[in-house]
Amino acid sequence: MTETQRNVILLGAPGAGKGTQAERIAAGYAVPHISTGEMLRAAVAEGTEMGLAAQKFMEAGALVPDDVVIGVVRERLARADAQRGFLLDGFPRTIEQAERLDVMLADGGRGVTQVILIDVPEDELVERLAGRRMCKGCGKGYHVVFDPPQKEGLCDVCGAELYQRSDDNEATVRKRLEVYRAQTEPLVGYYEGHGVLRTAQGGGKMPDEVFAQVEQLLEGE
Ligand code: AMP
């Protein structure tokens, strides 16, 4: 592992703003943004075997089985553009995934360099997810109140139509938050124990304010 390598994980509940911050970090630090949720949604849209297997879990707000997701990440991290650093968004989500990621990276002489937790109170998460819209073309995220596009329903960047994710309805949102508390939040302690966890306060903050904290945390090493 070289000293300049940034092997970063973004941790936080659904709606905490991981995707938004990930876009900014990937652009600022020239590392690939690896979102397991995006990769799984692409597989669902393409109708691949994996996509078909994953779809029922995603629509229920449950986690896709570890073996499936780990396979996807293993292949992605082996690609050339991920050798000098990467940004993981939405992975790991279980202790099992975190442990297997550590082994995978150690096999290649690498390791996780920083984990950034974006902390947002639960009530705000529900509000953010309910108003969230995504671009069909480039995947950019918006919020109907907090971060609306210039032209209603259309992406500022590529002009494609915006849509609401099928798992952003209230019942599924509640389930996803429950799953986060039970299965993903234990990763906070896991990475604290590894000495790599840093926390950004995301509650009541605009994306730029959160990014300013994230940059400081990334530079603080
Ligand atoms: P996201 O876009 O990160 O909110 O992910 C959307 C959905 O994809 C989640 O609710 C899960 O069903 C599935 N998913 C994404 N990442 C993972 C992961 N690391 N482990 C298990 N399921 C995942």
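One-based numbering, in listed order, for ligands and for the atoms of each.
Listed by number with element, the atoms of ligand 1 under 4.0 Å from a non-hydrogen atom of Thr36 are 15 (C), 16 (N), 17 (C), 19 (N). Every atom of ligand 1 with a heavy atom of Phe91 under 4.0 Å away is listed here by number and element: 19 (N). Taking every non-hydrogen atom of Leu40 and a distance limit under 4.0 Å, the qualifying atoms of ligand 1 come out as 8 (O), 13 (C), 14 (N), 15 (C), 23 (C).
Each of Thr94, Asp67, Asp66 was scored for a side chain to side chain donor-acceptor pair (under 3.5 Å) with Arg100, with one residue passing: Asp67. Under the side chain to side chain contact (heavy atoms under 4.5 Å, CB included) test applied with Phe86, the options Arg79, Arg76, Arg6, Arg110 reduce to a single match, Arg110.
Between the CE atom of Met39 and the CZ atom of Phe91 there is a distance of 9.0 Å, given to the nearest 0.5 Å. Atom CG of residue Leu88 and atom CD1 of residue Ile9 lie 5.5 Å apart, to the nearest 0.5 angstrom.
Listed by first then second residue, pairs satisfying side-chain hydrogen bond (donor to acceptor under 3.5 Å, both in side chains) with a partner in residues 19-28 read Arg24-Asp208, not counting sequence neighbours. Residue pairs that meet the side-chain hydrogen bond (donor to acceptor under 3.5 Å, both in side chains) test with at least one member in residues 129-143, sequence neighbours left out, are Arg132-Asp168.
Compare Pro92, Gly90, Gly141, Gly19 by their heavy atoms: the one nearest to atom 19 (N) of ligand 1 is in Gly90. For atom 5 (O) of ligand 1, the candidate residues are Lys56, Met58, Arg93, Arg176; the nearest heavy-atom contact is made by Arg93.
Under a 4.0 angstrom heavy-atom cut-off, Pro14 registers as lying outside contact with ligand 1. By the 4.0 Å heavy-atom criterion, Glu38 is excluded from the residues contacting ligand 1. Residue contacts with ligand 1 include Arg165, since one of its heavy atoms falls under 4.0 Å from the ligand.
Ranking protein heavy atoms by distance to atom 22 (N) of ligand 1, first place goes to Val64 N, 3.0 Å. Shortest contact from atom 2 (O) of ligand 1 to any protein heavy atom: Arg41 NH1, 2.9 Å.
Taking distance alone, with nitrogen or oxygen atoms compared against 3.5 Å, Val69 stays at or beyond that limit from ligand 1. Distances between N or O atoms of Ala62 and those of ligand 1 include at least one value under 3.5 Å.
Contacts between Leu63 and ligand 1 below 4.0 angstrom, taking non-hydrogen atoms only, involve backbone and side chain alike. Contacts between Gln97 and ligand 1, counted as non-hydrogen atom pairs separated by less than 4.0 Å, involve the side chain only.
Salt-bridge check for Arg41 with Glu38: passed, with a basic side-chain N closer than 4.0 Å to an acidic carboxylate O.
A donor-acceptor pair under 3.5 Å is formed between the side chain of Gln213 and the backbone N or O of Gln201.
Residue-environment remark: CZ (Arg84) stays at or below the threshold of 12 foreign heavy atoms within 6.0 Å.
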